[in-house]
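Here the structure comes first, spelled out in structure tokens, and everything after it is commentary.
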Amino acid sequence: MLELKQLGKRYASGDLALDGVDLSVPSGQVMALIGPSGAGKSTLIRCINRLVEPTSGTVRLDGQELSQLRGRQLRLARRNIGMIFQSYALVERLSVMENVLSGRLGYLGFWRSLLRRFQSGDVTRACELLDRVGLLDAIDKRADELSGGQKQRVGIARALMQQPKLLLVDEPTASLDPKTSRQIMRLLVELCREQNLAVIINIHDVSLARQYVDRMVGLSDGRVVFDGNPQGLNESTLTRIYGEEDWSDEAGNDDEAGAGSGQPDPIGTIARGAHP
Ligand code: ADP
């Protein structure tokens with residue numbers, strides 16, 4: 001379980017990127033983080049793995065407070081947090097297998113990691129994951145020979161190689177065509193459910209996200225302004241997150257379905273105290 005309490009970040013420039021975010025993501029839940037550019041999505045993800053230092057609040061993963069950790073303790077804690085990037089962040093000249101195995105580097109001691117001496121179980125697990133993401137045939141290919149979708153599959157396998165408790169995913173489909181985007185989202189969500197991970201996906205494509213995730217959280221000006229299931233996103237909540245626009249396409253038919261299905265009022269899921 002990931003628990004953020006009153007998480008805040010003010011950059012040295014004076015920009016308030018996060019303004020007291022309270023959020024819990026249980027194991028096994030896939031959550032999409034949506035919101036306009038500048039809302040604080042990247043900052044939130046980076047404060048969790050401490051690529052950015054929060055200025056206030058706490059970050060706990062399975063009860064362990066992460067925001068004060070330093071040095072070795074921080075390195076150990078980061079093994080529990082996998083990352084998947086829009087730009088894949090693969091080592092292009094290395095093979096698919098080597099890229100996936102690099103997900104284990106955090107578990108090797110200094111010399112073993114320098115010499116890339118992986119344990120035998122690591123190779124077996126890498127093969128299993130590559131099979132699961134449909135890339136067993138490409139095991140020896142160099143990363144720079146792969147398509148975008150294949151690269152993202154390698155990125156997913158590498159992150160899972162780490163055996164994380166939490167997966168942070170930054171715009172996983174932004175560089176992919178619509179069909180590949182759907183395949184990648186489906187694979188990602190299936191694998192995370194199988195492995196009972198808590199997952200936060202920073203994603204711009206609201207329609208794509210709502211087809212696959214369990215929960216959507218909308219950020220605006222560094223605050224949570226929507227927190228609910230995908231069916232709860234209607235024109236009113238989208239306006240709250242992104243501002244005035246004709247949202248009838250994005251809101252789709254779910255608007256009526258939500259209202260008529262006896263489900264709780266989606267507006268009621270909007271965080272208390274956010275945006276007067
Ligand atoms: P998003 O990912 O939703 O687009 P960001 O987290 O990148 O939002 O940005 C949130 C706010 O923080 C914006 O006002 C942005 O200008 C500011 N910001 C982001 N990164 C930095 C930085 N390194 N230095 C100063 N301000 C930053």
Side-chain angles (χ1 to χ4, degrees), residues 2-25 29-61 66-67 74 78 81-89 148 152 155 159 166-176 181 184-185 188 198-210 212-228 230 232-233 237-245 247 250 269-271 273-276:
L2 173 75
E3 291 170 284
L4 311 180
K5 290 242 164 67
Q6 285 299 298
L7 193 66
K9 173 65 187 178
R10 187 182 289 282
Y11 286 102
S13 57
D15 283 320
L16 183 62
L18 295 178
D19 187 7
V21 171
D22 287 318
L23 204 60
S24 297
V25 188
Q29 186 176 74
V30 181
M31 190 202 99
L33 187 61
I34 60 170
S37 293
K41 304 181 298 298
S42 304
T43 302
L44 181 71
I45 284 195
R46 283 166 175 69
C47 280
I48 295 170
N49 63 11
R50 297 273 305 282
L51 292 176
V52 165
E53 291 295 334
T55 36
S56 58
T58 58
V59 178
R60 284 179 186 275
L61 183 58
L66 304 184
S67 49
L74 179 58
R78 276 190 176 138
I81 306 176
M83 260 316 261
I84 293 174
F85 304 89
Q86 172 186 348
S87 53
Y88 322 117
Q152 198 53 293
L166 169 70
L167 197 59
L168 302 174
V169 191
D170 201 10
E171 290 287 350
T173 59
S175 308
L176 303 176
S181 295
I184 289 293
M185 279 297 281
L188 191 56
V199 186
I200 299 182
I201 308 179
N202 173 10
I203 187 163
H204 271 298
D205 189 334
V206 175
S207 312
L208 181 68
R210 69 191 314 199
Y212 295 100
V213 304
D214 306 312
R215 174 181 173 196
M216 301 190 73
V217 167
L219 272 191
S220 175
D221 289 336
R223 303 167 94 189
V224 175
V225 295
F226 175 81
D227 186 351
L233 268 185
T237 49
L238 285 165
T239 298
R240 193 170 274 258
I241 301 167
Y242 290 97
E244 286 296 339
E245 176 57 66
W247 293 114
E250 289 286 354
T269 60
I270 294 168
H275 282 232

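Sequence positions, counted from 1, serve as the residue numbers for this chain. Just so you know, ligand 1 is whichever comes first in the structure, and atom 1 is the first atom listed for that ligand.
- Scanning all protein heavy atoms for the shortest distance to atom 7 (O) of ligand 1 gives Ser42 CB, 3.9 Å.
- The closest protein non-hydrogen atom to atom 23 (N) of ligand 1 is Tyr11 CE2, 3.7 Å.
- Ligand-side atoms of ligand 1 in range of Ala39: 1 (P), 3 (O), 8 (O), range being under 4.0 angstrom from any heavy atom.
- Remark: Ile203 CD1 to Leu208 CG distance equals 4.5 Å, nearest 0.5 Å.
- With ligand atoms numbered from 1 in the order given, ligand 1 contributes 1 (P), 2 (O), 3 (O), 4 (O), 6 (O), 8 (O) to contacts under 4.0 Å with heavy atoms of Lys41.
- Using a 4.0 Å cut-off between heavy atoms, Asp15 contacts ligand 1 through its side chain alone, with no backbone atom that close.
- The two residues Leu16 and Arg10 have their closest heavy-atom pair at CB-NH1, 3.9 Å.
- The Ser37 neighbourhood of ligand 1 comprises atoms 4 (O), with distances under 4.0 Å to a heavy atom of that residue.
- Remark: ligand 1 and Thr43 share an N or O pair separated by less than 3.5 Å (distance only, no angle test).
- Short contacts between ligand 1 and Ala17, defined as distances under 4.0 Å to a heavy atom of the residue, involve ligand atoms 10 (C), 11 (C), 12 (O).
- When non-hydrogen atoms are compared, ligand 1 lies under 4.0 Å from the side chain of Ser13 (C-beta onward) but not from its backbone.
- There is a protein heavy atom closer than 4.0 angstrom to atom 19 (C) of ligand 1.
- Here Pro36 has backbone heavy atoms under 4.0 Å from ligand 1, and that is the only part of it that gets that close.
- Compare Gly14, Gly40, Gly38 by their heavy atoms: the one nearest to atom 4 (O) of ligand 1 is in Gly38.
- Contact between Arg50 and Arg78 at its shortest, heavy atoms only, is O-NH2, 3.1 Å.
- Across Phe85 and Ala89, no two heavy atoms sit closer than the pair CD1-CB, 3.6 Å.
- The two residues Leu23 and Asp227 have their closest heavy-atom pair at CD1-OD2, 4.0 Å.
- Of all the heavy atoms in Ile241 and Gly218, the pair that sits closest is CD1-CA, 3.9 Å.
- Nearest heavy-atom pair, Met216 versus Arg210, reported as atom, atom and distance to 0.1 Å: SD-CB, 3.7 Å.
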CA sep, side-chain torsions, deciding dist, call: Leu233, Leu238, side chain to side chain contact (heavy atoms under 4.5 Å, CB included): CA-CA 6 Å; Leu233 268 185; Leu238 285 165; 4.1 Å; yes
